Visitor: 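Please see the structure below; I have some questions.
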Amino acid sequence: MGLRRREVQLTPPRLLGSNDIRELAESCGIRPTKQRGQNFVTDANTVRRIVKTSGVGPDDVVVEVGPGLGSLTLGLLEVARHVTAVEVDEVLAGQLPSTIASYAPDQVGSFDLVVADAMKVTSLPGPAPTAMVANLPYNVSVPVLLTFFERFSSIRTGLVMVQAEVAHRLAAGPGSKTYGVPSVKAAWYADMRLSGSVGRNVFWPMPNVESSLVAWSRRPEPGDEAHRLRTFAVIDAAFAQRRKTMRAALSSLAGSGALAEEALVKAGISPQARGESLGIEEFARLGMYL
């Protein structure tokens, strides 16, 4: 009878606190900038709550956009199989590997860093990501999220922390006052849901806006890439002027009001309907005829 293989016990990462964040920032001369939406989470309990809410587990490969000084990165390394962080700030990126080595030495081999603008990333090192968890800068949150949905179909679940107003837009359904272009485009890829709020006092520096969590589960996309591009053009036109009927809103895209009405009728949608009353299924049907 062979010997049982002894399981290696890894020491979990040590999470960052307020003093750690300030010391790390000072050591590398970091001064958070509004331009890049840099607000660092200083509370370990908040980090653990975000990670738990994301549903990430030991089989997940997580991509994190905007790791900053590593607060959330360390929390993700505590539970995930692998974490790949994408950071555009070269100074922050230069500090992160040594932070991981100091605070999570047993997880160094489970971490990759990509120094790049997230909007320009088309491939990632290591295993394909299965989840995305990030504290997204407020000014680029929607474009980054939609870009990663588009480029990395292996991402099945995830959670992002964004400005509360943006969170409500992403999770809104037809008929809601906050329903709009981000709501519909995100719904092409995933079922979005609000998953809690995060107080301002856990950030340094303290932001001027409220933050909320949005979680999602990937859903089958309604069509191929060509269909998506047509559908997204319809969505943009439908919400360009919210008060317009779909017939009027799509007249330019279709070539005339009559052609727009013809497409709407084929898709089973009233020409008098307005964009804010339609779900992704209706928009996808329109994408077949325009």
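Remember, predicted model here, so these are calculated numbers, not experimental data.
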Visitor: I'd like to know if the side chain of Glu64 pairs up with that of Thr73 as donor and acceptor (distance under 3.5 Å, no hydrogens or angles considered).
Guide: yes
Visitor: When you measure from the side chain of Gln241 to the backbone of Arg243, do you find a donor-acceptor pair of N or O atoms at a distance under 3.5 Å?
Guide: no
Visitor: Just checking, any donor-acceptor pair under 3.5 angstrom between side chains of Asp191 and Ser217?
Guide: no
Visitor: Are Val214 and Phe152 joined in one hydrophobic group, where the rule is that I, L, V, M, F, W and Y side chains link up if heavy atoms are under 4.5 Å apart?
Guide: yes
Visitor: Might you work through the side chain to side chain contact (heavy atoms under 4.5 Å, CB included) test for Val83 and Ser110, ending with a clear yes or no?
Guide: CA-CA 6 Å; Val83 176; Ser110 301; over 6 Å; no
Visitor: Look only at the side chain of Tyr179 and the backbone of Leu278, and say whether a donor-acceptor pair between them is shorter than 3.5 Å.
Guide: yes
Visitor: Can we call the ring centroids of Trp216 and Phe149 under 6.0 Å apart?
Guide: yes
Visitor: Working to the nearest 0.5 angstrom, can you tell me the gap between Met246 CE and Glu282 CD?
Guide: 9.5 Å
Visitor: Would you say the side chain of Pro207 lies within less than 4.5 Å of the side chain of Gln163, judging by non-hydrogen atoms?
Guide: no
Visitor: Do any N or O atoms from the side chain of Arg247 and from the backbone of Lys244 form a donor-acceptor pair under 3.5 angstrom?
Guide: no
Visitor: Between Arg285 and Glu281, does a salt bridge (Lys or Arg N to Asp or Glu O under 4.0 Å) hold up when you go through it step by step?
Guide: CA-CA 6 Å; Arg285 289 204 304 271; Glu281 292 79 8; over 6 Å; no
Visitor: Are Val160 and Val86 joined in one hydrophobic group, where the rule is that I, L, V, M, F, W and Y side chains link up if heavy atoms are under 4.5 Å apart?
Guide: yes
Visitor: So which pairs with a foot in residues 117-129 pass side chain to side chain donor-acceptor pair (under 3.5 Å), sequence neighbours left out?
Guide: none
Visitor: Taking all atoms of both residues into account, what is the closest heavy-atom pair of Ala80 and Val62, and its distance?
Guide: CB-CG2, 3.8 Å
Visitor: Rounded to the nearest 0.5 Å, how far apart are OG1 of Thr157 and CZ of Arg218?
Guide: 10.5 Å
Visitor: Taking atom CD as the centre, does Glu26 end up with more than 12 heavy-atom neighbours from other residues, nucleotides or ligands that are less than 6.0 angstrom away?
Guide: no
Visitor: Between Leu15 and Phe203, is there shared hydrophobic-cluster membership here, with clusters defined by ILVMFWY side-chain heavy atoms closer than 4.5 Å?
Guide: yes
Visitor: Of all the heavy-atom pairs spanning Pro67 and Leu96, show the shortest one and how long it is.
Guide: CG-CD2, 3.7 Å
Visitor: If you round to the nearest 0.5 Å, how far is OG of Ser183 from CD1 of Ile280?
Guide: 10.5 Å
Visitor: Under the 3.5 angstrom rule, does the side chain of Ser277 hit a backbone N or O of Gly175 as a donor-acceptor pair?
Guide: no
Visitor: For Glu221 and Arg228: C-alpha separation, side-chain torsions, deciding distance, then whether salt bridge (Lys or Arg N to Asp or Glu O under 4.0 Å) applies.
Guide: CA-CA 9 Å; Glu221 295 175 21; Arg228 183 189 70 80; 6.0 Å; no
Visitor: With distance as the sole test, does Thr245 use its side chain to make a donor-acceptor pair with the main-chain N or O of Ala273 at under 3.5 Å?
Guide: no
Visitor: Any side-chain heavy-atom pair from Lys266 and Leu290 closer than 4.5 angstrom?
Guide: no
Visitor: Determine whether Leu136 and Val51 fall in the same hydrophobic cluster, where Ile, Leu, Val, Met, Phe, Trp and Tyr are linked whenever their side-chain heavy atoms lie under 4.5 Å apart.
Guide: no
Visitor: Would you check, one step at a time, whether the test side chain to side chain contact (heavy atoms under 4.5 Å, CB included) holds for Ser256 with Ser251?
Guide: CA-CA 5 Å; Ser256 70; Ser251 60; 5.9 Å; no
Visitor: What's the separation between atom CG in Asp20 and atom OG1 in Thr99, rounded to the nearest 0.5 Å?
Guide: 9.5 Å
Visitor: Got Leu92 and Gln95 here, is their nearest side-chain heavy-atom distance under 4.5 Å?
Guide: no
Visitor: Identify whether NZ of Lys or CZ of Arg in Arg230 sits under 6.0 Å from the centre of the six-membered ring of Phe232 and within 45° of that ring's axis.
Guide: no
Visitor: Between Val198 and Leu213, is there a side-chain heavy-atom distance shorter than 4.5 Å?
Guide: yes
Visitor: Compare every heavy atom of Ala215 with every heavy atom of Ser195, then report the nearest pair and how far apart it is.
Guide: OG-CB, 3.3 Å
Visitor: Taking C-beta and beyond as the side chain, do Arg242 and Arg274 meet within less than 4.5 Å on heavy atoms?
Guide: no
Visitor: Check the pair Lys177 / Glu276 against salt bridge (Lys or Arg N to Asp or Glu O under 4.0 Å), numbers first and verdict last.
Guide: CA-CA 8 Å; Lys177 289 182 179 179; Glu276 55 263 36; over 6 Å; no
Visitor: Compute whether any side-chain donor of one residue and acceptor of the other, for Arg22 and Ser18, lie under 3.5 angstrom apart.
Guide: yes
Visitor: Among Asp112, Asp59, Asp60, which residue satisfies the side chain to side chain donor-acceptor pair (under 3.5 Å) criterion with His82?
Guide: Asp112
Visitor: Do you know which two heavy atoms are closest between Glu150 and Glu225, and how far apart they sit?
Guide: OE2-OE2, 3.8 Å
Visitor: Do any N or O atoms from the side chain of Ser54 and from the backbone of Val133 form a donor-acceptor pair under 3.5 angstrom?
Guide: no
Visitor: Please say yes or no: joined through hydrophobic side-chain contacts below 4.5 Å, possibly via intermediate residues, are Phe40 and Val88 part of one cluster?
Guide: no
Visitor: What pair of heavy atoms forms the shortest contact from Met161 to Ile50, and how long is it?
Guide: CE-CD1, 3.9 Å
Visitor: Should Asp43 and Arg49 count as an ion pair when the cut-off is N to O under 4.0 Å?
Guide: no
Visitor: Side chains of Glu78 and Leu74: closer than 4.5 Å at any heavy-atom pair?
Guide: no
Visitor: Identify the heavy atoms of Gly275 and Phe239 that sit nearest to each other, and give their distance.
Guide: O-CZ, 3.5 Å
Visitor: Does the side chain of Val41 come within less than 4.5 Å of Leu72's, by heavy atoms?
Guide: no
Visitor: With a 4.5 Å cut-off on side-chain heavy atoms, are Leu16 and Thr42 touching?
Guide: no
Visitor: To the nearest 0.5 angstrom, please state how far the CD1 atom of Ile155 sits from the CG atom of Leu124.
Guide: 7.5 Å
Visitor: When rounded to the nearest 0.5 angstrom, what distance separates OG1 in Thr231 from CG in Leu286?
Guide: 8.0 Å
Visitor: Return yes if some donor-acceptor pair links the side-chain N/O of Glu87 with the main-chain N/O of Gly68 below 3.5 Å, else return no.
Guide: yes
Visitor: Short question: side chain of Gln107, backbone of Thr11 - any donor-acceptor pair under 3.5 Å?
Guide: yes
